[in-house]
Amino acid sequence: MYLSSALSSVKLTVAGIIALAGGILVTYKTPAAAAAWVVLPLCLLALNLLFAICFNVRFRRQAGLMTFHLCLLTIVLLAAWGRLTVFRGHVELAQGQSFDPSTVVTDQRGFWHPWKKLQRVRFEQGDIRVQYAPKLRRGITQSTVAMQTPDGQSRVSTVGDIYPLKAAGYRFYTTSNKGYALVLSWRGADGNVQRGAVHLPSFPLNEWKQINTWVTPAGTAVGLEFHPETEVPLDSHWLLDSRNSAGSITVSMNGDDGVELEAGEQIMLPGGTLRYEGPRMWMGYVIFYDPTLAWLLAAALIGVLAMAWHFWASIWSRPLTTQSIDSKALVHGIRVSNT
Amino acid sequence: MAFAFPIPEAVWLWSGVLGYTGSAVAAWTGLRVRRNHDAIVLALLSAGALMFAIAITERWLQVGHGPFLNMFEILLSNLFSLGLIYALVFWRIPLVRPGALVVLPVLLILSAWILVVPSRAGLLPPSYDTVLLWVHVGVGKVFLGFCLAAVGLAGILLVKQLAVCRPMLGGLPDEALLDAVAWRMMMLAFVFHSLMLIAGAVWAQDAWGRYWDWDPLETWAFLTWLALAASLHARITWKLPLWVGWLLIVVVFVLAFLTFFGVPFLSVAPHKGMI
């Protein structure tokens, strides 16, 4: 009895809140600090709340207050579930390229994340447009994607910024990371042709070094430098548009001056022929998965409504005092005659 | 599209500052000469808020976006919202009026501050172009408005405890009564602060792909929420002396003030690194 009373006490709640605030400050000041600084006080508060619900009759009688705290408990549990099933990753997709889950770089994956769900995502990257204001301040990003519906139809939509692509519970957010990709064809000595794209550093951030190296299927390392046709204006509005992608490349080996190729031109290299098909653009996406989002929002909103109802029903609707207050007799609410 | 205005934004800004200054002067002189200046205080406060509203509108039409980006815009919008909310509370709830002696000087501090920060406009990031930002910022301002009304009462009650101020403030209504009003304001603030956190999380999910990331503003906003929650719990758990409760209100307000005006100021943008 003593234990249940102690564990359900509001004093413990205050102690738990102070501990949580302290834990947050520790992790805020020292990001490397263990998550336990926050998790343990949260567990204590959850336990405290659970005991209050079970053993505090007065608490249970106040429906609004009780609902609010139940929602808080739900939020903690949902957040924990979200951490266990969360997925964060990133991927780069060139125009015309289909999303391939095997190319996704995982940044965070919950223990119970249903990995196979990502295999269901099917879409193809289309045109990319990014608006810029003077001084290269990035504006609206528009990325066209062709989604494949379960019945095999293709549905084209434009995503970007606050409008992510939503598929199979995943959200694909466009990022500031995007740039040019060089589409190359390689014809080997055996006559087989392979086609692919080499992504260049983010543009226009790295406009001055649109360079990458690539190893041919025959094992020769070549340097690729892209020369975009259009210059990036610094003092005017500007649209980075994948439909206007054009430019030549310089193909170099062993640090030589290299050979410049226009789109459609080719060069003989050891073990085969390299053909420059032309430039495309690629878009970097951040991928996020958390199945609890809608439930978290619902629990939070119900909780706040319940709290407001509790405050209204038990506190605000009651008169402050039975004694009437003549506001005219007050100077800014201060009774002059009494002084 | 840019519009040309016959009266520059600075004129409205200065008019707003003068309105708030006049309101504060009226409040304090009213106390000193023992005359009821409530109507003057309310009129000047409302006029000041109106001037700030015009300044915001003119700036909005000129730069093409609302006051969300830099410290100048944050101060400008808060001078308007805090003045408006406090004027409404002052008008409808006479018991909060003693708090004007504290609230109006706080508004004057913000007024002085806005006059020295750069007013150049920035570019609204695409992630700010959403109704969720309006909801988030709107309920946040209502939270701070109620918090300000509460700290006004708490502040004047604390000042009254000083022996030197007791003769001047001896006629304050019953302390327990003002304390109850102050805490009602804090309860309202708690509701709106919770809504601010929810709307902010929904916005952050859309804007940056995560609903919570412990950035400085999120962290300090949550610490403010915790401080408010702890204060409400402590008040009902322990029979705290009234003055301790008033101190708690001041602490919550200071935290909220630092979150609104300190953290964004130190981190250049409201959510550091997220634009």
Side-chain angles (χ1 to χ4, degrees), chain A residues 9-11 13-14 17-18 20-21 24-25 27-28 31 38 79 82 88 131 133-135 137-141 160-164 171-173 175 286-288 290 293 296-297 300-301 303-304 307-308 311 315-316 320-321 323 325-339, chain B residues 27 30-31 34-38 41 94-101 122-123 125-127 129-130 132 167-174 177-178 180-181 184 187-188 190-191 194-195 197-198 201-203 205-211 214 216 219 222-223 226-227 229-230 233-234 236-238:
Chain A
S9 83
V10 187
K11 288 174 184 166
T13 311
V14 177
I17 292 174
I18 292 170
L20 178 59
I24 289 169
L25 279 175
T27 48
Y28 176 66
V38 173
R88 290 173 201 269
Q131 295 176 12
K135 296 181 184 168
R137 288 175 299 176
R138 187 165 51 88
I140 295 169
T141 298
D161 301 319
I162 57 172
Y163 303 104
R171 291 165 178 242
F172 290 71
Y173 294 90
T175 65
V286 165
I287 308 170
F288 182 82
D290 185 337
L293 290 183
L296 274 171
L297 178 60
L301 286 176
V304 174
M307 176 172 56
F311 284 156
I315 297 163
W316 292 329
L320 273 166
T321 174
Q323 132 196 21
I325 295 158
D326 177 11
S327 63
K328 295 284 181 195
L330 307 175
V331 171
H332 314 313
I334 302 169
R335 198 175 298 279
V336 180
S337 54
N338 287 357
T339 57
Chain B
L31 181 67
R34 307 268 167 205
R35 292 183 65 177
N36 189 324
H37 286 173
D38 284 359
V41 169
L95 276 171
V96 304
R97 291 177 188 173
L101 298 166
L123 180 75
S127 54
D129 190 15
T130 166
L132 288 169
M168 191 180 281
L169 298 172
L172 275 176
D174 180 44
L177 186 62
L178 292 184
V181 176
R184 285 184 177 204
M187 288 171 198
L188 272 169
F190 191 54
V191 170
S194 305
L195 287 172
L197 292 182
I198 294 169
V202 176
W203 172 43
Q205 181 64 55
D206 280 348
W208 307 308
R210 88 294 185 287
Y211 61 87
W214 298 110
T219 303
F222 189 60
L223 286 172
L226 285 178
H233 281 92
I236 58 162
T237 309
W238 293 286

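Just so it is clear: chains get the letters A, B, ... in the order the sequence lines come, proteins before strands, and each one is counted from 1. As a basis for the values below, the full set of heavy atoms in this structure was taken, side chains included, without hydrogen atoms, waters or symmetry mates.
Heavy-atom pairs under 4.5 Å with chain B were tallied for A:L293, A:T27, A:L296; the largest tally goes to A:L293. Note: A:I24 leads A:T13, A:L20, A:I24 in heavy-atom pairs under 4.5 Å with chain B.
Heavy-atom minimum distance, A:M307 versus B:V191: CE-CA, 4.0 Å. The shortest non-hydrogen separation linking B:A230 to A:I17 is CB-CG2, 3.7 Å. Nearest heavy atom pair, residue A:V304 against residue B:S194, reads CG2-CB, 3.6 Å. Listed here is the closest heavy atom pair of A:G139 and B:P126: O-CG, 2.9 Å.
Checked by atom type and distance alone, the side chain of A:Y28 never pairs as donor or acceptor with a backbone atom of B:W214 at under 3.5 Å.
Within the 4.5 angstrom heavy-atom criterion, atoms from both the backbone and the side chain of A:I315 approach chain B. With a threshold of 4.5 angstrom between heavy atoms, B:L132 does not approach chain A through any atom at all. Residue contact with chain A, scored on non-hydrogen atoms closer than 4.5 Å, involves the side chain of B:V202 exclusively. Of the two parts of A:V14, only the side chain, counted from C-beta on, holds a non-hydrogen atom closer than 4.5 Å to a non-hydrogen atom of chain B. For A:I287, no part lies under 4.5 angstrom from a heavy atom of chain B. For B:L226, the parts lying under 4.5 angstrom from a heavy atom of chain A are both the backbone and the side chain. Contacts between B:F190 and chain A at a heavy-atom distance below 4.5 Å involve backbone atoms as well as side-chain atoms.
One finds the CG atom of B:D129 at 9.0 Å from the CG atom of A:D161 (value rounded to the nearest 0.5 Å). With values rounded to the nearest 0.5 angstrom, A:L301 atom CG is found 5.0 Å from B:I198 atom CD1.
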- request: Show your reasoning for whether side chain to side chain contact (heavy atoms under 4.5 Å, CB included) applies to B:L188 and A:W316.
  value: CA-CA 9 Å; B:L188 272 169; A:W316 292 329; 3.5 Å; yes
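At a threshold of 4.5 Å between non-hydrogen side-chain atoms, the residues B:R184 and A:F311 do not count as touching.
Taking the charged nitrogens against the carboxylate oxygens, B:D206 and A:R171 do have a contact shorter than 4.0 Å, which makes a salt bridge.
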